[in-house]
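Have a look at the structure below, then the notes.
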Amino acid sequence: MKHTDISKVLKESDLLGKKITVCGWVRTFRESSSVCFLELADGTSFTKLQIVIDKSKISLDAECTRLGASIAATGEVVKAFKGEGVELNAENIVLLGKCPPEYPIQKKRTTLEFLRGIPHLRLRTNTFNAVFKVRSVAAQAVHRYFHERGYYYVNTPIITAREMFRVTTALWNEQTASEEEYFKNDFFGQRAGLSVSGQLEGEVAAMAFSKIYTFGPSFRAEKSNTTRHLSEFWHIEPEVAFAELPDIIEIAEDMIKYLIRAVLNECPDEMTFFDSFMEKGLKEKLNHVLNSDFEVCDYTKAIDILKAAKTDFRFPAEWGSDLQTEHEKYLTEEVFKKPVFVTNYPKKIKSFYMKQNPDGKTVAATDLLVPGIGEIIGCSEREADYDKLVAAMKERGMKLDSYEQYLDLRRFGSVPHSGFGLGFERFVMYVTGVENIRDVTLFPRWVGNVM
C-alpha cells in the first residue's frame with residue numbers, strides 16, 4: 001500500500017500543502033459537533049499525527065474511531081491549528097483492521113507489570129515505542145563505533161561444547177548405559193550447549209585481526225529471578241590485541257560515552273519522555289557521565305571504603321568476596337557519584353583466563369560500575385603466558401584437552417590482549433531509566449518463562 005510514514009510527515013516541510021496517505025493505529029479519538037480528531041501512530045515516530053475530519057464532508061465509520069483500530073487516511077498536510085507542527089485534513093478514511101472494545105491496551109491497566117503479560121501488544125504503547133527506538137539507535141551506534149575505529153565484526157558460535165543450556169535432538173533414555181553413550185548418539189556426537197559468551201572464540205579472531213568485536217545473543221542457565229537478569233540476552237564483546245588493562249579501560253569508557261551521546265542526539269523526544277515519566281533527572285545524569293572522567297579504584301581500596309562506611313550493608317564487605325549490588329551502588333552513588341572502574345580483583349573470584357598480577361593474589365580485571373545499575377561491563381587483560389594459564393586451569397581442575405585451541409594461542413605468537421563484555425540490555429536500562437530488564441527486550445526469557 002502506497003503511503004507516507006508519519007515520521008516523514010512531521011519532519012519534512014516540503015509535504016505541507018500536499019495530498020498524501022498515511023496508515024496507522026488509532027491512539028485517541030475525540031469529537032465536537034462538527035469535527036472529529038483521530039491521533040494516529042504508525043511506529044515510525046514517537047510523536048503522533050492528528051487527523052482532522054470534517055463531519056459535513058466525511059461520514060466516519062464508528063469502527064475507525066476505536067482505540068487500536070488500523071486505518072488509512074488520505075488528505076492534505078496543513079499547519080496545526082494549535083501549536084507548532086502539522087496535521088492532516090482528511091478527505092477519506094478507510095478501515096484496515098477492526099479492534100474490539102476488549103483491546104487490552106487501556107490507560108487504566110497499562111502498568112509495566114500488566115504489559116509484561118502481553119508482549120505481543122505492549123510495543124504499541126508510548127513506553128515501549130520509546131524503549132525500542134533507543135535500543136535500535138544504540139545497536140546501530142555499537143556497530144558504528146567499532147567500524148569507525150577499524151574493528152572487524154565477527155560472529156562467534158552460539159552452540160558450543162562447554163556451556164550450560166543443553167542443545168540436543170534426542171530425549172533422555174534411562175536405559176542408556178552412560179552419559180558418554182547418550183551424547184555419542186546425539187546430533188553433534190558430543191555434549192553441546194548454548195554459549196554464555198563469544199570471548200574465547202573472539203580471542204582467536206583478535207590474534208589474526210588485532211581488533212574485533214562480536215555483538216549477539218548469549219545464554220545463561222542461572223536461576224536468577226531478578227530485575228537485572230535474563231536467560232537470553234545480547235552481548236557486546238570487543239577483543240583487542242596488544243592492549244593491556246589501562247588500554248581496554250580507556251576503550252570501554254570511550255565506547256560508553258559514544259553510545260550515550262548517540263542516544264541523546266538521535267532520540268530527543270524519547271529521552272524527554274523517559275526523563276519525565278521514568279527517571280527524573282535522567283538526561284542530567286547522562287550528561288554528567290559524558291562530562292566526567294570515570295573513576296579507577298583498586299579493589300582493595302574499594303573494600304576499605306566499604307568497611308569504613310557508616311552503612312548497614314546486608315552483605316558485609318570482606319577482602320576476597322565479590323562486590324554485591326548494594327556495594328556497587330554505594331561506591332557509584334554515595335562515594336564517587338559517577339561511573340567507577342574497580343580493578344585488580346582477587347584471582348579466586350575471577351575467571352581462569354585473566355592475567356595474573358605480580359602479587360600472586362590478584363588479576364588484571366575490572367568491572368565498570370554505574371549509578372543506578374551497578375555492574376555494566378566486565379573487563380580484563382587476558383593471561384598471555386602459556387605456563388601461567390595452564391597452572392590456573394589445573395588449579396580449577398579443568399580438562400586441558402578441551403581447550404587445546406585456546407592454549408595454542410599462547411604457544412604460537414602470544415601477545416598481550418584484553419577485552420570486555422557489555423550486557424546490551426543493561427545499557428538500555430541505564431540510558432532509559434527502565435528498572436526491569438524484562439522491559440527492554442522484545443520477548444524476555446527468564447527462569448520459568450518462555451512466551
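There is a side-chain donor-acceptor pair under 3.5 Å between Y258 and E148. A donor-acceptor pair shorter than 3.5 Å can be found between the side chains of Q199 and Y353. A donor-acceptor contact closer than 3.5 angstrom is absent between the side chains of R220 and S218. Donor-acceptor pairing under 3.5 Å is lacking for the side chains of S7 and D5. The closest side-chain donor-acceptor pair between K48 and N126 falls under 3.5 angstrom. Using modelled atom types and a 3.5 Å distance limit, the side chains of R228 and T325 yield a donor-acceptor pair. Of the N and O atoms on the side chains of Y145 and D254, at least one donor lies less than 3.5 Å from an acceptor on the other residue. Side-chain atoms of D269 and T272 form no donor-acceptor pair, as typed in the model, at a separation below 3.5 Å. Side-chain atoms of T169 and D186 form a donor-acceptor pair, as typed in the model, at a separation below 3.5 Å. E203 and H417 share a donor-acceptor pair across their side chains, judged by distance under 3.5 Å alone. T227 and E435 form no side-chain donor-acceptor contact under 3.5 Å, judged by distance and modelled atom types alone.
Looking only at distances, a side-chain donor or acceptor of N357 sits under 3.5 Å from a matching main-chain atom of V363. Between the R116 side chain and the D439 main chain, no donor and acceptor come within less than 3.5 Å of each other. Counting only distance, with no hydrogens or angles, the side chain of K280 and the backbone of S276 share a donor-acceptor pair below 3.5 Å. S224 places no side-chain N or O within donor-acceptor distance of the main-chain N or O of T226, the cut-off being under 3.5 Å. Using a distance-only test at 3.5 Å, with no hydrogens or angles considered, a donor-acceptor pair links the side chain of E326 to the main chain of F315. Side chain of R396 to backbone of A392: a donor-acceptor contact under 3.5 angstrom is found. Here the side chain of T332 pairs no donor or acceptor atom with the backbone of L369 at under 3.5 angstrom.
Taking the six-membered ring wherever Trp is involved, the centroid distance between the rings of Y153 and Y213 falls below 6.0 Å. For F146 and Y152, the ring centers sit 6.0 Å or farther from each other. Proximity of the aromatic rings of Y403 and F352 is defined here by a centroid distance below 6.0 angstrom, and this criterion is met. Between F233 and H235, the distance from one ring center to the other falls under 6.0 angstrom. The six-membered or imidazole ring of F443 lies away from that of H120, with a centre-to-centre distance of 6.0 Å or more. For H327 and F313, the ring centers are positioned less than 6.0 Å apart. Between F273 and F46, the ring center distance clears the sub-6.0 Å criterion.
A salt bridge links K257 with E253: the distance from a Lys NZ or Arg NE/NH1/NH2 to an Asp or Glu carboxylate oxygen falls below 4.0 Å. Checked for salt-bridge contact, D293 and K338 miss the test: no charged N lies under 4.0 Å from a carboxylate O. Looking at E239 and K211, no side-chain N of the basic residue comes within less than 4.0 Å of a carboxylate O on the acidic one, giving no salt bridge. Between K350 and D367 a salt bridge is recorded (basic side-chain N to carboxylate O distance below 4.0 Å). For R411 and D408, the salt-bridge test passes: some basic side-chain N is under 4.0 Å from an acidic carboxylate O. We find that E270 and K133 are joined by a salt bridge, their nearest charged nitrogen and carboxylate oxygen being less than 4.0 Å apart.
Contact detail for A138 and L259: the closest heavy-atom pair is O-CD2, 4.0 Å. Across every non-hydrogen atom of I305 and L331, the tightest pair is CG2-CD2, 4.1 Å. Nearest heavy atoms, L400 versus K394: CD1-CE, 3.8 Å. Of all heavy-atom pairs between L264 and N287, the closest is CD1-OD1, 3.9 Å. Annotation for V434 and M278: closest pair N-CG, 3.7 Å, computed over non-hydrogen atoms. Listed here is the closest heavy atom pair of I377 and A252: CD1-CB, 4.1 Å.
Put simply, the side chain of L49 reaches to within 4.5 Å of the side chain of V22, judged on heavy atoms. Proximity of F215 to N155: side-chain heavy atoms (C-beta onward) are nowhere separated by under 4.5 Å. Residues E39 and V26 have side chains not in contact (no heavy-atom distance under 4.5 Å, counting atoms from C-beta outward). Residues F183 and R166 are in side-chain contact: their nearest non-hydrogen atoms beyond the backbone lie under 4.5 Å apart.
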Apply side chain to side chain donor-acceptor pair (under 3.5 Å) to the pair E244 and S418, showing each step before the final yes or no.
CA-CA 6 Å; E244 297 175 319; S418 304; over 6 Å; no
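For the pair R410 and Y406, the distance from NZ or CZ to the six-membered ring centre is under 6.0 Å and the angle to the ring normal is within 45 degrees. Stacking of K307 on the aromatic ring of W319 is not recorded, the 6.0 Å distance cut-off and the 45° axial limit not both being met.
At most 12 non-hydrogen atoms from other residues, nucleotides or ligands lie less than 6.0 angstrom from CG of D312. Counting heavy atoms of neighbouring residues, nucleotides and ligands inside a 6.0 Å radius, atom NZ of K283 exceeds 12 of them. In this structure, F209 places its CZ atom where more than 12 heavy-atom neighbours from other residues, nucleotides or ligands lie under 6.0 Å away.
The CD atom of E328 sits 10.5 Å away from atom CD of E333, with the distance rounded to the nearest 0.5 Å. For the atom pair F341 CZ and L245 CG, the distance stands at 9.0 Å (nearest 0.5 Å). From C379, atom SG reaches atom CD1 of I251 across 8.5 Å, with rounding to the nearest 0.5 Å. Atom NE2 of residue H143 and atom CD1 of residue I236 lie 8.5 Å apart, to the nearest 0.5 angstrom.
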